[in-house]
Amino acid sequence: VEKKLNDLIDKALSRRTFMTGAGTAAAAALLVGCNTSTTAPTPTPPAPPTPLDFPDNDILNFALNLEYLEAEFYLYAATGQGLSSADALSGAGTTKVPANIAAVPWASASYAQYANEIAQDELNHVRYIQKAISGNSGTPVARPTLDLTFFGPLAVAAGITTAPTFNPFADQDSFLVGAFVFEDVGVTAYTGAAPLITNKNILSAAAGIQAVEAYHAAEIRTLIAGAAASANATPAQTAALAAANMVSALRGKISMGSGNMLAAETTLSINSIVASDSTNAIAFARTTDQVLHIVFGGAAGAGVSSGGFFPAGLNGNIKSTTT
Amino acid sequence: MATLETQQLDDIIVKSRRKMLSLGTTALAGLVFAGAAKKAEAQAAITDNDILNFALNLEYLEANFYNLAVNGVTIDKLSTPIGITGTGTQGVVVTKPNFAAVPFSSTTIKAYATETSVEEGKHVSFLRGALGSLAVAQPQIDLVNSFNTLAMAAGIGPAFDPFASDANFLIGAYIFEDVGVTAYHGAAGSISSTTILGAAVGIHAVEAYHAGLVRTSINAYDAASSTPGALLKLTQQISAARSALANPSSSPTTQITNGGIMGADDQGIDNTVKVALEGSSATFPSTTIVDADNNSIGFARTPQQILAIVTGTSPTAASPHTGVFFPAGLNGNIN
């Protein structure tokens, strides 16, 4: 049975061999075709080259880096403190935070509740993925060095401010913009990675995390757009919606710069909460390369391996851009 | 479509999982494998197209609900009609006499409803396009007796009209969205084609966006209402009813770290819960916008569990499942 099993796994793996970038492009092309096709889809071989088949644990560790970043952000916002050393794992890097960091001074108790729920979810994701990797005979990476002051330069790059002073921990509306920076990226990262995963149980876990990230993204988008659309909207709430869309435009630009995003990101408004492709209402998928370019702050080209939120790079095997 | 090899591989994996379970592996592996083994057993011979057609039945239901709410007409009667023909038995959408769109008083809620109606319509069109001539027809859909039956089962009352008001519409939407999320999640692992899987997880994410949107809206609407907590209680009752239908033999469990009671695989919106974060006890007030388990992983349901919820049957009932939203059953091989 074992021999047979190994043969079958080899066959299944070779069938699954996929490539970042080109694979998604081929999938996108096929999906567009499906839209008008009158016959059942017949998977066509993905266009050319560079087969790059990441083992599941590499994908999980890539996700773990992103979850460390999110958990750290939300925990600081909720409590003024980050991950415990036990959760950051041995050998963890430090996290740079704004001076005099403290929990966000919430104007509304319900926003504190929202932030606390998301912080717990992201912390749970860190813990779950660590266990999933260990359970899959791998070694979870420790928290890399993180920079939560990068929101300042990011806001300048997006055109939100002229000086790098933006601080997502300063107030409730700034927090929402900070959360907006991450959530849709998380959704697109999991949407892009899911088809690359070989093990069905890991795929199911990844899909489950993807759903939670989408709940979060919708929550943040609903709060930002809803407040700005209210008759009583404050200037800060109106500005938060504008800032969110500037972040969105920047992300779209970075993604397209590294290839094959289906379209620019959806503009957030009260009439458009969901971030999806307007032709078929299917969520955008990003390659690991596109996600890396975004979290590194947008430096173009292959070989980018640090910057932005990850000043010393990511831990694990997926850590350098290839396009 | 599954090849002989992948079918054999799946069989072997299922057997290995059972063996590992019986040997007692780690708690995590046990949890993950338990769900997967159950799923694989129940879905032995289904194809990707079967799964897409199953999803299409659910999208017909959602798209009609939202388009009726916003436009007052079914999807085949829109100014740009969406197709409903196909294989199987085509049916009508049953609505109350003199049906009219929801008399929205909040422009915000109407905007959400409009966006969702468009997106669910696109999902129908996308799936029909992907399936081509294999697409199933819209089955008969009941949007009157279904909600009354569900309201009774959930302990809400003898009748419920989701088209009566803003609040009722939000609750009607609540009934569907989390179910859609769990359905796509549960089906993902059974999809053979990487391309189709990519599309399915993309739709899965959009359903979760919708669910997050409606849950956040309900939470805000409830807090601003004259009876705070009333709508939240309805969501808890609905979640408990969904969970009971999908898991008839499981008693409700308590969600420990993420708050709320709710069910084996569902939780309503609850603003009285607390979370621990990095502390040693749960002291931070939270809410439960996200419908997820104690690991903050979204729930997955098998097609049989989804059938039980949308038809008011049991997951183990013989096919075809009929009742509630689908009085004549679903079209396609997963029914």
Side-chain angles (χ1 to χ4, degrees), chain A residues 5 8 11-12 18 27 30-31 34-41 43 75 78-79 84 110 113-114 116-117 119-121 123-125 128 131 135 187 191 194-195 200-201 203-205 207-212 214-215 217-219 222-223 226 229 270-274 276 280-283 285, chain B residues 5-6 8-9 12 26 28-29 32-33 36 49 108 111-112 115 119 122-123 126 129-134 181 185 188-189 193-195 197-199 201-206 208-213 216-217 223 257-258 271 275 277-278 284-290 292 295-298 300:
Chain A
L5 181 59
L8 290 170
K11 279 187 194 171
F18 208 72
L30 186 52
L31 293 182
C34 287
N35 226 355
T36 50
S37 168
T38 52
T39 54
L75 284 170
T79 68
S84 70
S110 63
Q113 288 186 302
Y114 292 135
N116 290 340
E117 181 185 0
Q120 185 69 56
D121 286 339
L123 175 58
N124 287 345
H125 289 168
Y128 185 86
K131 282 187 211 151
V187 176
T191 304
K200 299 264 180 182
N201 301 311
L203 168 63
S204 181
I209 298 176
Q210 176 214 25
V212 171
Y215 275 93
E219 179 179 355
T222 303
L223 293 174
I270 199 68
N271 300 308
S272 176
I273 300 293
V274 177
S276 68
N280 52 25
I282 293 179
Chain B
E5 281 85 7
T6 55
Q8 288 173 316
L9 179 59
I12 292 172
T26 67
L28 174 72
V32 174
F33 289 152
N49 285 333
T108 303
Y112 297 157
E115 178 185 353
E119 287 161 353
K122 284 176 181 172
H123 289 169
F126 174 81
L131 284 157
S133 61
L134 300 176
V181 176
H185 184 179
S193 154
T194 310
T195 304
L197 175 60
V201 296
I203 299 178
H204 173 240
V206 170
Y209 270 103
H210 289 162
L213 167 57
T216 305
S217 300
T257 57
N258 204 16
N271 272 337
V275 292
L277 301 182
E278 284 288 14
F284 294 92
S286 178
T287 184
T288 52
I289 299 298
V290 177
N295 292 311
S296 298
I297 310 292

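Not measured: the values here are computed from a predicted model. Throughout, a chain's letter reflects where its sequence line sits, starting with A, and its residues are numbered from 1. Scope of the values below: all heavy atoms of this structure, side chains included, with no hydrogens, waters or symmetry mates.
For V201(B), the parts sitting under 4.5 Å from any heavy atom of chain A are the backbone and the side chain alike. If you measure heavy-atom distances from I209(A) to chain B, the contacts under 4.5 Å come from both the backbone and the side chain. For a residue to count as touching a neighbouring chain, one of its non-hydrogen atoms must lie under 4.5 Å from one of that chain's; by this rule V274(A) touches chain B with backbone and side chain alike. Contact annotation for T191(A): both backbone and side-chain heavy atoms come within less than 4.5 Å of a heavy atom of chain B.
One N or O on the side chain of E115(B) and one on the backbone of I273(A) form a donor-acceptor pair closer than 3.5 Å. Here the side chain of H204(B) pairs no donor or acceptor atom with the backbone of A211(A) at under 3.5 angstrom.
Residues S296(B) and Y128(A) have side chains not in contact (no heavy-atom distance under 4.5 Å, counting atoms from C-beta outward). Annotation: side chain of V275(B) is not in contact with side chain of E117(A) (no heavy-atom distance under 4.5 Å).
If you tally non-hydrogen atom pairs under 4.5 Å between each of G226(A), S272(A), A78(A) and chain B, the highest count goes to S272(A).
Side chain to side chain, N116(A) and Q120(A) fail the donor-acceptor criterion of an N or O pair below 3.5 Å.
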